[in-house]
*Asks:* 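Have a look at the structure that comes next, please.
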2 protein chains.
Amino acid sequence: MIRTRGEGEKQGRVSIIGLGPGAQEWRTLACQKTLAEADDIIGYGFYLDQIGGVGAHQTLHYSDNGEELARAKLALDLAAQKRHVVLVSSGDPGVFAMAAAFFEILEELRPHAPIDIVVEPGITAALSAAARFGAPLGGDFAVLSLSDNLKPWNLIEKRLRLLAQADMALALYNPVSKARPHQIERTEKPPSTLIGLGTDIARKGEKTQLTTLEKLNISVITSRTVILVGTNMSRHFSHQGRDWFYTPRSYTC
Amino acid sequence: MIRTRGEGEKQGRVSIIGLGPGAQEWRTLACQKTLAEADDIIGYGFYLDQIGGVGAHQTLHYSDNGEELARAKLALDLAAQKRHVVLVSSGDPGVFAMAAAFFEILEELRPHAPIDIVVEPGITAALSAAARFGAPLGGDFAVLSLSDNLKPWNLIEKRLRLLAQADMALALYNPVSKARPHQIERTEKPPSTLIGLGTDIARKGEKTQLTTLEKLNISVITSRTVILVGTNMSRHFSHQGRDWFYTPRSYTC
């Protein structure tokens, strides 16, 4: 995809990619190819460590969590030197990850930068956790972050209330904070609502737990847990000792 | 992942996988590996044709669109013969696809079937289309099917109305039907709301178009279009002649 305009005129390039949930087998082929072709790879250290080996010509740029804007600026600086820069997120780069931060910085600081830009999708945590439980997101669903770092808490509560009225399945990211450990209990769903907790899916120490809102023990939720919340139609059953959780395709009122 | 219990006792297996949007490069490594290991591959013909070559020992089972329950039953029948059966969806199997249909049939007909079951996630159309536009789903978002085949139209209207009040970004699947060509206009969003139309993403004839709700020309929407709808915060800008559409991570009221 690099537009080569004669060797002297090749542009730099920023590829914004998602590694998926963790295991290499849930990366896309394009993700693997892009990593292999990169000059520079920028990301939060926890994710860079998942990449595996890099070539001798490649530079890894470790950054702290939360420094998305600094990462985007570094990517633009390196691409201005005609390098191929890869910005790494876990999951999908467009879901609570680097892509939005990159475009914010591009529009604000370098709207005319002579670089190529490619976004490569990945398996976001909602889908990898859902796969472990069966098909909890089999009908209409919503994906929300419960973190109030970037939006007011009253907006989160409003969205949860409206989504409960809509009886849509939910995938909740960033479920815990020291300040608000009981966020999940604000979903305004019936007590019998099915809840799937997926922690470190496709990583070392993977844990899944199927429960209900009334039986939920919030102490098992970590910052790397995705919470899947069913609808009034959602079902669960046991098959060969394993619990499955799915939301039928049909909705009957 | 096959639990081999001695050669005579090996169970059959059903793998429910997603091919992603179309291009092989957006499949996961696990998807490729599962296809290579299958005895039987079942799916809608349009998707089976995307797989590429299969081995001499492998059988492709073509099915018509809409026959999800028949496909699930066939998978259970073949797995009962200790075969490794792969149920193919496009995108992610848990998003308006085969996984929910399979678990419905499993629970109803064969809850004690001695088979192994694996769900392999894939890149769903919301994420592949979003990658082409930049990061339109960069904040909280919802994924809805506009088809009223499996749920009443008044539920769809109710959900669209509540999601407009929540000012969440939307990814709308199955956007057209002969009966209701104007569904998208019922989103109850402001006229200036950004709309990204992604048709045949990562397939031959890929088309993307960025517009607004008031300027939307519904005649360009097909059954293979995903409609991405922005929030009041969403932005667009042009970089090197290409339009980008993103939703910032922050939401300020």
Side-chain angles (χ1 to χ4, degrees), chain A residues 20 24-30 32-33 92 94-96 99-101 103-104 106-107 111 113-114 117 119-124 127-128 130-132 134-135 137-145 150-152 155 158-159 162-163 165-166 168 235 237 239-240 244 246-251 253, chain B residues 20 24-30 32-33 92-96 99-101 103-104 106-107 111 114 117 119-124 127-128 130-132 134-135 137-145 150-152 155 158-159 162-163 165-166 168 235 237 239-240 244 246-251 253:
Chain A
Q24 188 161 321
E25 65 170 14
W26 279 356
R27 288 187 203 159
T28 66
L29 305 177
Q32 294 290 82
K33 185 163 175 283
D92 179 275
V95 179
F96 309 126
F103 287 104
E104 281 174 55
L106 179 70
E107 185 188 15
I117 300 165
V119 181
E120 293 287 356
I123 304 290
T124 190
L127 302 185
S128 52
R132 291 297 198 228
L137 307 178
D140 299 336
F141 65 95
V143 178
L144 268 87
S145 168
L150 295 165
K151 63 193 173 201
L155 178 68
K158 178 183 171 186
R159 287 177 171 169
L162 292 165
L163 289 164
Q165 289 174 38
M168 290 172 65
R235 301 183 58 87
F237 69 104
H239 170 262
Q240 293 205 319
W244 294 102
Y246 73 96
T247 302
R249 302 162 308 143
S250 298
Y251 198 104
C253 291
Chain B
Q24 189 161 321
E25 65 171 14
W26 280 356
R27 287 186 204 159
T28 65
L29 304 177
Q32 294 291 82
K33 184 164 177 284
D92 180 275
V95 179
F96 309 125
F103 287 104
E104 282 174 54
L106 179 71
E107 185 187 14
I117 299 164
V119 182
E120 293 287 357
I123 303 289
T124 190
L127 302 186
S128 51
R132 292 295 198 230
L137 307 178
D140 299 337
F141 65 95
V143 177
L144 269 87
S145 169
L150 295 164
K151 63 193 172 200
L155 178 68
K158 178 183 172 187
R159 286 176 172 170
L162 292 164
L163 289 164
Q165 288 173 37
M168 289 172 65
R235 301 182 59 86
F237 69 103
H239 170 262
Q240 293 204 321
W244 294 103
Y246 73 97
T247 302
R249 302 163 307 143
S250 298
Y251 198 103
C253 293

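Per chain, numbering begins at 1; letters A, B, ... match sequence-line order.
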*Asks:* At a 4.5 Å cut-off on heavy atoms, which part of B:A130 comes close to chain A: side chain, backbone, both, or neither?
*Replies:*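 No part of B:A130 comes within 4.5 Å of chain A.
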*Asks:* Pick one of side chain, backbone, both or neither for A:L144, based on which atoms fall under 4.5 Å of a heavy atom in chain B.
*Replies:*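 Both parts, backbone and side chain.
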*Asks:* Considering only NZ, NE, NH1 and NH2 on the basic side and carboxylate oxygens on the acidic side, decide whether A:K33 and B:E25 come within less than 4.0 Å.
*Replies:*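 Result for this pair is no, no salt bridge flagged.
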*Asks:* Locate the shortest heavy-atom distance separating B:E104 from A:P248; write the atom from each residue and the value.
*Replies:*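 That closest heavy-atom pairing would be OE2-CA, 3.6 Å.
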*Asks:* Which atoms of B:P114 are under 4.5 Å from chain A, going by heavy atoms: the side chain, the backbone, both sets, or neither?
*Replies:*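 Its backbone and side chain both get close to chain A.
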*Asks:* Among A:S145, A:A131, A:G94, who wins on heavy-atom pairs under 4.5 Å with chain B?
*Replies:*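 If we count pairs closer than 4.5 Å to chain B, A:A131 comes out on top.
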*Asks:* Chain B: which of A:L106, A:T28, A:V95 shares the most heavy-atom pairs with it under 4.5 Å?
*Replies:*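 When all of A:L106, A:T28, A:V95 are compared, A:T28 has the most.
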*Asks:* Taking all atoms of both residues into account, what is the closest heavy-atom pair of B:A142 and A:M168, and its distance?
*Replies:*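 Looking at all heavy atoms of both residues, the shortest contact is CB-CE, 3.9 Å.
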*Asks:* Need one label for B:W26: side chain, backbone, both or neither, based on atoms under 4.5 Å from any heavy atom in chain A.
*Replies:*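 For B:W26, backbone and side chain are both near chain A.
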*Asks:* Between A:K151, A:Q165, A:H239, which residue shows the highest count of heavy-atom pairs closer than 4.5 Å to chain B?
*Replies:*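 Among the listed options, the one with the most contacts to chain B is A:H239.
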*Asks:* State, to 0.1 Å, how close A:A99 and B:G134 come at their nearest heavy-atom pair, and which atoms those are.
*Replies:*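 The pair with the smallest heavy-atom distance is CB-O, 4.1 Å.
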*Asks:* So which part of A:I117 gets closer than 4.5 Å to some heavy atom of chain B, the side chain, the backbone, both or neither?
*Replies:*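 Both the backbone and the side chain of A:I117 come within 4.5 Å of chain B.
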*Asks:* Who among B:K158, B:Q24, B:R27 has the most heavy-atom pairs with chain A under 4.5 Å?
*Replies:*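 Heavy-atom pair counts peak at B:R27.
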*Asks:* State the CG-CZ distance between B:D140 and A:R159, to the nearest 0.5 angstrom.
*Replies:*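 The distance works out to 4.5 Å.
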*Asks:* Heavy atoms only: give me the nearest B:A135-A:A100 pair and the separation to one decimal.
*Replies:*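 Scanning both residues, the minimum pair turns out to be CB-N, 3.6 Å.
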*Asks:* Please classify the contact between A:T247 and chain B as side chain, backbone, both or neither, with a heavy-atom cut-off of under 4.5 Å.
*Replies:*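 Backbone of A:T247 only, per the 4.5 Å heavy-atom cut-off to chain B.
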*Asks:* For B:L127 and A:P121, which heavy atoms make the closest approach, and how far apart are they?
*Replies:*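 The answer is O-CB, 3.9 Å.
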*Asks:* Using a cut-off of under 4.5 Å for heavy-atom pairs, which of B:L163, B:D92, B:V119 has the most such pairs with chain A?
*Replies:*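 Highest number of pairs under 4.5 Å: B:V119.
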*Asks:* Examine whether an atom of B:Y246 lies under 4.5 Å from a heavy atom of chain A, and if so say whether it belongs to the side chain, the backbone or both; otherwise answer neither.
*Replies:*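 When you check distances to chain A, only side chain atoms of B:Y246 fall under 4.5 Å.
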*Asks:* With a 4.5 Å cut-off on heavy-atom pairs, point out which of A:F141, A:F103, A:W244 contacts chain B the most.
*Replies:*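 The residue among A:F141, A:F103, A:W244 with the greatest pair count is A:F103.
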*Asks:* Within this structure, what is the CG-CG distance for the pair B:L29 and A:L29, rounded to the nearest 0.5 Å?
*Replies:*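 Here the interatomic distance stands at 5.5 Å.
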